[in-house]
Amino acid sequence: MASTLSCSASDLIPLLSGGANATAAAAAAEFICGRFETISGKFTDASYAIDNTYLLFSAYLVFAMQLGFAMLCAGSVRAKNTMNIMLTNVIDAAAGGLFYYLFGFAFAFGSPSNGFIGKHFFAMSGFPKASFDYPYFLYQWTFAIAAAGITSGSIAERTQFVAYLIYSSFLTGLVYPIVSHWFWSSDGWASPARADNLLFQTGVIDFAGSGVVHMVGGIAGLWGALIEGPRIGRFENRGKPVTLRGHSATLVVLGTFLLWFGWYGFNPGSFAIINKSYGTSPGSSFYGQWSAVGRTAVTTTLAGCTAALTTLFGKRLIDGYWNVTDVCNGLLGGFAAITGGCSVVEPWAAVICGFVAAWVLMGFNKLADKLRYDDPLEAAQLHGGCGAWGIIFTGLFADKTYVSEIFGGDPNRPYGLLMGGGWRLLAAHVVQIVVITGWVSVTMGTLFFVLHKLELLRIPSEDEIAGMDPTSHGGLAYMYTEEEIRNGIMVREMGRENEHV
């Protein structure tokens with residue numbers, strides 16, 4: 001926010017009197033200062049309005065990613081499960097909204113002084129105030145439901161709907177908010193915004209959430225998929241993987257572009273404010289937070305584009321064909337990786353980030369096949385694996401100038417190892433990976449295990465074969481003729497490269 005300007009009548013009187021009537025000079029000084037303070041107040045009001053409008057618009061962009069998730073998920077599953085996966089995306093937003101309001105926001109950004117598990121759970125009774133207005137809550141809610149949406153992709157096509165309701169509420173109300181408090185709240189133990197006692201003298205720079213959002217969602221999905229086991233027909237008796245193709249590459253591409261569009265709110269929007277100059281002389285600098293916002297959009301773009309092209313040619317060399325869904329996942333893997341360091345790295349470093357992220361994703365996919373791990377949307381590999389790489393990447397390539405501009409404090413605070421900033425930032429980021437993995441494993445792993453033991457997790461095998469739409473949601477998402485159904489539009493057996501049951 002812009003600093004408040006000041007005017008003192010006592011300072012103006014000597015300039016205005018010039019040997020003339022002192023009373024008149026005093027009156028003129030009071031008038032000038034009165035007008036000055038009015039104008040200054042208008043500038044301050046405008047600054048708040050600009051910053052809150054920017055954050056609100058960013059929240060709209062991130063919320064639009066829910067539509068992207070829905071399209072991506074729908075296209076990646078078989079037609080008989082379309083209504084189920086679409087409904088889970090709606091519930092992620094709806095249940096996430098209520099539980100994040102009731103519990104999550106207080107866990108994430110409350111404190112002993114403002115209501116953190118104190119007088120109330122809502123942590124919103126003090127709204128609005130200079131640093132905490134309603135757009136901030138809305139923006140943080142969109143991040144919480146993004147984490148829940150990631151998890152739903154890992155356990156698609158074989159999970160009871162009641163399990164979705166339970167895990168989504170638990171993740172957005174407790175698990176994710178605790179992590180975001182640790183790394184994003186001003187008093188979080190690993191936050192780079194702390195006033196003192198920074199972890200390794202730097203804190204963790206996870207700017208938009210490679211760890212806080214993507215690793216949390218990815219690891220939660222990992223445990224859900226591991227405990228449930230693979231879908232029927234995903235692996236042959238000898239363990240050889242069988243591709244269960246999604247029913248619409250068109251929806252996958254549409255969802256990918258919507259997610260790409262929303263990422264410009266996800267990463268640049270994480271600045272929260274835009275009307276801040278980095279210059280020493282207000283009004284004379286063309287360089288400010290608006291420049292950093294633009295640079296963040298550029299690094300985001302370059303990482304995704306590089307990952308997409310690397311995946312395109314990598315999969316061509318490995319599998320012998322050009323696959324659009326693989327390219328879409330590679331693109332999203334690049335975005336997930338750059339999210340943590342998007343604001344503090346140079347554009348050329350973002351190219352490296354995207355290149356490595358593509359190979360991380362392809363490598364984890366190969367490992368998943370060998371271990372007979374089934375994730376219909378590659379969510380754990382993409383968000384968990386690429387998110388972890390993004391955290392390491394930031395510890396290696398964070399730029400000294402950008403770290404200082406964005407986080408302030410000690411101008412000599414540690415930065416990227418490969419940029420000459422020492423090992424401390426990288427060490428803090430290794431701690432983040434370990435802590436997030438442990439916390440999510442203990443909480444979400446336990447939840448999925450309990451649901452499994454209570455027989456609330458996986459659907460019966462006959463329902464899985466028939467499809468969740470006709471067995472749990474009252475009918476199919478698409479209209480089929482009786483001949484199409486007889487010929488196997490629902491359950492087909494067309495060779496090793498297609499669907500098996």
Side-chain angles (χ1 to χ4, degrees), residues 55-79 81-101 135 137-157 159 161 164-165 167-169 171-172 176 208-209 213-214 216-218 221 246-270 297 300-301 304 308 324-325 327-336 339 376-379 382-383 468-469 473 477-478:
L55 187 58
L56 199 58
F57 181 72
S58 297
Y60 299 155
L61 285 176
V62 180
F63 182 68
M65 296 177 77
Q66 287 299 120
L67 179 57
F69 277 126
M71 296 296 99
L72 180 70
C73 290
S76 299
V77 301
R78 290 163 290 180
N81 297 311
T82 304
M83 288 182 66
N84 172 262
I85 199 68
M86 295 290 277
L87 182 57
T88 62
N89 277 271
V90 175
I91 293 303
D92 284 337
L98 184 60
F99 278 84
Y100 193 71
Y101 171 71
F137 167 81
L138 192 72
Y139 188 69
Q140 294 300 331
W141 160 69
T142 62
F143 274 55
I145 61 176
I150 291 168
T151 305
S152 67
S154 295
I155 57 177
E157 296 202 292
T159 304
F161 187 69
Y164 282 111
L165 290 171
Y167 100 77
S168 182
S169 302
L171 183 66
T172 54
Y176 165 81
V213 177
H214 294 283
V216 168
H247 80 282
S248 176
T250 302
L251 288 177
V252 170
V253 173
L254 175 61
T256 299
F257 273 114
L258 285 168
L259 288 169
W260 188 341
F261 179 66
W263 235 290
Y264 292 125
F266 206 95
N267 287 4
S270 291
T300 300
T301 302
V324 65
T325 56
V327 170
C328 288
N329 282 338
L331 176 83
L332 298 177
F335 287 151
T339 294
L377 274 88
E378 303 175 5
L382 193 161
H383 297 277
M468 300 184 68
D469 289 0
H473 302 288
Y478 305 104

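As a basis for the values below, the full set of heavy atoms in this structure was taken, side chains included, without hydrogen atoms, waters or symmetry mates. Bear in mind the structure is a predicted one, so any value in this text is a computation, not a measurement.
- Under the 4.5 Å side-chain criterion, counting only non-hydrogen atoms from C-beta, Phe266 is in contact with Val213.
- Between atom CZ of residue Phe257 and atom SG of residue Cys328 there is a gap of 7.5 Å, rounded to the nearest 0.5 Å.
- Between the Ser168 side chain and the Leu165 main chain, no donor and acceptor come within less than 3.5 Å of each other.
- At least one donor-acceptor pair closer than 3.5 Å links the side chain of Tyr139 to the backbone N or O of Gly265.
- Looking at heavy atoms from C-beta onward, Thr151 lies out of side-chain contact with Val216 at the 4.5 angstrom threshold.
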>> Run the side chain to side chain contact (heavy atoms under 4.5 Å, CB included) test on Leu331 and Trp260 for me, step by step, so that the C-alpha distance in whole Å, both residues' side-chain angles and the decisive distance to 0.1 Å come before the verdict.
In response: CA-CA 9 Å; Leu331 176 83; Trp260 188 341; 3.6 Å; yes

> Would Ile91 and Phe161 count as a side chain to side chain contact (heavy atoms under 4.5 Å, CB included) if you check the C-alpha gap in whole Å, the side-chain angles of each, and the deciding distance to 0.1 Å?
Replying inline: CA-CA 10 Å; Ile91 293 303; Phe161 187 69; 3.6 Å; yes

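- Ala336 and His383 get closest at one heavy-atom pair: CB-ND1, 4.4 Å.
- Contact detail for Ile155 and Gly221: the closest heavy-atom pair is CG2-O, 4.3 Å.
- Nearest heavy atom pair, residue Asp469 against residue Ala477, reads OD2-N, 3.8 Å.
- For the atom pair Met71 CE and Asn89 CG, the distance stands at 8.0 Å (nearest 0.5 Å).
- Here Asn329 contributes atom CG and Thr256 contributes atom OG1; the two are 7.0 Å apart, rounded to the nearest 0.5 Å.
- Proximity of the aromatic rings of His214 and Phe335 is defined here by a centroid distance below 6.0 angstrom, and this criterion is not met.
- Side-chain atoms of His247 and Tyr478, non-hydrogen and from C-beta on, do get closer than 4.5 Å to each other.
- Residues Tyr100 and Gln140 meet the side-chain proximity criterion, which asks for heavy atoms closer than 4.5 Å.
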> Would Thr159 and Tyr167 satisfy side chain to side chain donor-acceptor pair (under 3.5 Å), going step by step from the backbone distance to the final call?
Replying inline: CA-CA 11 Å; Thr159 304; Tyr167 100 77; over 6 Å; no

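- Using a 4.5 Å cut-off on side-chain heavy atoms (C-beta onward), Tyr164 and Leu87 make no contact.
- Counting heavy atoms from C-beta outward, Met86 and His473 have side chains that stay 4.5 Å or more apart.
- Of all heavy-atom pairs spanning Val77 and Ala156, the tightest one is CG1-CB, 4.1 Å.
- With contacts defined as side-chain heavy-atom distances shorter than 4.5 Å, the pair Leu72/Leu377 qualifies.
- Here the CG atom belonging to Leu382 is positioned 6.0 Å from the CG atom belonging to Leu332, to the nearest 0.5 angstrom.
- Considering all non-hydrogen atoms of both residues, Ala59 and Leu138 come closest at CB-CD2, 4.0 Å.
- Ring to ring, Tyr176 and Phe143 are not that close: their centroids are 6.0 angstrom or more apart.
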>> Would Thr339 and Trp263 count as a side chain to side chain contact (heavy atoms under 4.5 Å, CB included) here? Give the steps.
In response: CA-CA 9 Å; Thr339 294; Trp263 235 290; 3.0 Å; yes

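- For the pair Gly269 and Ser58, the tightest heavy-atom approach, listed with the atom from each and the gap, is CA-OG, 3.4 Å.
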> Stepwise, does the side chain to side chain contact (heavy atoms under 4.5 Å, CB included) test hold for Ile145 with Phe63?
Replying inline: CA-CA 9 Å; Ile145 61 176; Phe63 182 68; 4.1 Å; yes

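- Residue Met83 holds its CE atom at 11.5 Å from CE of Met468, rounded to the nearest 0.5 Å.
- A donor and an acceptor atom, one from each side chain of Tyr60 and Thr142, are nowhere located under 3.5 Å apart.
- Interatomic distance, CD1 of Ile85 versus CZ of Arg78, reported as 12.0 Å (0.5 Å rounding).
- Using a 4.5 Å heavy-atom threshold, the side chains of Ser76 and Thr325 count as separate.
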